[in-house]
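Data block below; observations after.
Indexing begins at 1, ligand by ligand and atom by atom, following the structure's order.
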Amino acid sequence: MSGSRLEMLASLIRDVPDFPQPGVVFKDITPLLASAKGFQASIDELVASAPADIDVVVGMEARGFIFAAPVALALGAGFVPVRKPGKLPGDVVSQGFDLEYGSTELNMHRDAIVSGARVLVVDDVLATGGTIGATARLLEQLGAELVHVSVLMELEFLGGRARLESLGIRNCSAVLKV
Ligand SMILES: O=P(O)(O)OC[C@H]1O[C@H](OP(=O)(O)OP(=O)(O)O)[C@H](O)[C@@H]1O
Ligand SMILES: Nc1ncnc2[nH]cnc12
């Protein structure tokens, strides 16, 4: 990616200190989403980072949906949502985990992905790696193959990449690193 495109994307992400709690610097992507150029460039970069022959793109509620669904369409792949508790109507697999600012659980429909499917996980932010780690566990329970993880932004100081590596997830790319 060109340096100017990278700078354009970085300039559209706003730092909000002490949100949602004191000590956290929240990376707000709403200016990027509101920019047609910025949003398109972020989707193009995520699509470019995807390996060939992806069957399914998995996105996590809520911000992950915004990026994963357009990437799925661009790749000609299906889209499968990972949701917060109480949202999916069918039989689910679930996984608890900790976040930078709390702890929660994620669910996926048990029949959402056929065993052996090639999966790309897309999210906006890799912070501690809790969300992606929990998603990887859900995919494991379904017998799906997690081929690659593509995120818009990696918060390197939170060590999420090392946490993912400790779970055996080595194929992870970030458009922006901060
Ligand atoms: O690497 P981690 O420490 O898990 O953090 C990253 C996750 O945190 C944010 O989601 P959040 O749970 O805030 O929910 P939202 O998408 O509904 O805002 C973000 O969209 C990632 O999914
Ligand atoms: N600092 C942060 N900014 C935006 N999203 C996040 N998800 C986890 N930590 C975050």
- Carboxylate-amine/guanidinium proximity below 4.0 Å for D91 and R110: yes
- Does the pair R170/E165 count as a salt bridge with the N-to-O cut at 4.0 Å? no
- Heavy-atom nearest neighbour in the protein, as seen from atom 6 (C) of ligand 2, with distance rounded to 0.1 Å: Y101 OH, 3.5 Å
- Is V25 touching ligand 2 with its side chain, its backbone, both, or neither, if touching means heavy atoms under 4.0 Å apart? backbone
- So which heavy atom in the protein is nearest atom 4 (O) of ligand 1, and how far is it from that ligand atom? T131 OG1, 2.6 Å
- Message: Under a plain distance cut-off of 3.5 Å, with no hydrogens placed, do H148 and S49 share a side-chain donor-acceptor pair?
- Response: no
- Query: Do ligand 1 and G64 have nitrogen or oxygen atoms that lie under 3.5 Å from each other?
  - Reply: no
- Message: Which of the numbered atoms in ligand 2 are under 4.0 angstrom from any heavy atom belonging to L155?
- Response: 1 (N), 2 (C)
- Item | Where ligand 2 meets R63 - atom numbers and elements under 4.0 angstrom, heavy-atom basis | 4 (C), 5 (N)
- Note on the structure: Taken to the nearest 0.5 Å, the spacing of L32 CG from I66 CD1 works out to 10.0 Å
- Note on the structure: If we number the atoms of ligand 1 from 1 as shown, the ones under 4.0 Å from a heavy atom of E61 are 16 (O), 17 (O)
- Task: Would you mind checking which non-hydrogen protein atom is closest to atom 9 (N) of ligand 2, with the distance to 0.1 Å?
- Result: E100 OE1, 2.5 Å
- Task: Could you point out which residue of L155, V149, L164 forms a side chain to side chain contact (heavy atoms under 4.5 Å, CB included) with L126?
- Result: L164
- Identify the closest protein heavy atom to atom 20 (O) of ligand 1: which residue and atom is it, and at what distance? D124 OD1, 2.6 Å
- Message: To the nearest 0.5 Å, what is the distance between CD on Q95 and CD on E140?
- Response: 9.0 Å
- Message: Please list the nearest protein heavy atom to atom 13 (O) of ligand 1 with its residue and the distance rounded to 0.1 Å.
- Response: Y101 OH, 2.6 Å
- Message: Quick test of your reading of the model: are K27 and D124 salt-bridged, counting only N-O distances below 4.0 Å?
- Response: no
- Query: Of all the non-hydrogen atoms in the protein, which one sits nearest to atom 3 (O) of ligand 1, and at what distance?
  - Reply: T128 OG1, 2.5 Å
- For A127, the atoms of ligand 2 under 4.0 Å from one of its heavy atoms are 8 (C), 9 (N)
- Taking NZ, NE, NH1 and NH2 as the nitrogens, is one of them in R161 or E154 under 4.0 Å from a carboxylate oxygen of the other? yes
- Query: Taking non-hydrogen atoms only, is D123 closer than 4.0 angstrom to ligand 1 via side chain, backbone, both or neither?
  - Reply: side chain
- Message: Which residue in the set L146, V147, I169 passes side chain to side chain contact (heavy atoms under 4.5 Å, CB included) when paired with V121?
- Response: L146
- Nearest to atom 3 (N) of ligand 2, what protein heavy atom do you find, and at what distance? K27 N, 2.9 Å
- Rounded to the nearest 0.5 Å, what separation is found between the OG1 atom of T128 and the CG atom of L99? 6.0 Å
- Taken to the nearest 0.5 Å, the spacing of D123 CG from M153 CE works out to 10.0 Å
- For atom 8 (O) of ligand 1, which protein heavy atom lies nearest, and how many Å away is it? L99 CD2, 3.9 Å
- Query: If you count the atoms of ligand 1 from 1 in the order shown, which ones are under 4.0 Å from a heavy atom of G130?
  - Reply: 1 (O), 2 (P), 4 (O)
- Note on the structure: Here the atoms of ligand 1 under 4.0 Å from any heavy atom belonging to A62 are 15 (P), 16 (O), 17 (O)
- Heavy-atom proximity to atom 9 (C) of ligand 1 ranks first, among E154, R63, M60, K27, for R63
- Message: Could you check whether any heavy atom of G160 sits closer than 4.0 Å to an atom of ligand 1, since that is the contact criterion I want to use?
- Response: no
- Query: For atom 14 (O) of ligand 1, what is the nearest protein heavy atom, given as residue, atom name and distance?
  - Reply: K84 NZ, 2.9 Å
- Hey, does A127 come in under 3.5 Å of ligand 1, counting only N/O atoms on both sides? yes
- In the protein, what heavy atom is nearest to atom 6 (C) of ligand 1, and what distance, to one decimal place, separates them? V125 O, 3.4 Å
- Can you tell me how far the CG atom of L12 sits from the OG atom of S42, to the nearest 0.5 Å? 9.0 Å
- Query: Could you give the distance from CG (L142) to CZ (R137), rounded to the nearest 0.5 Å?
  - Reply: 14.0 Å
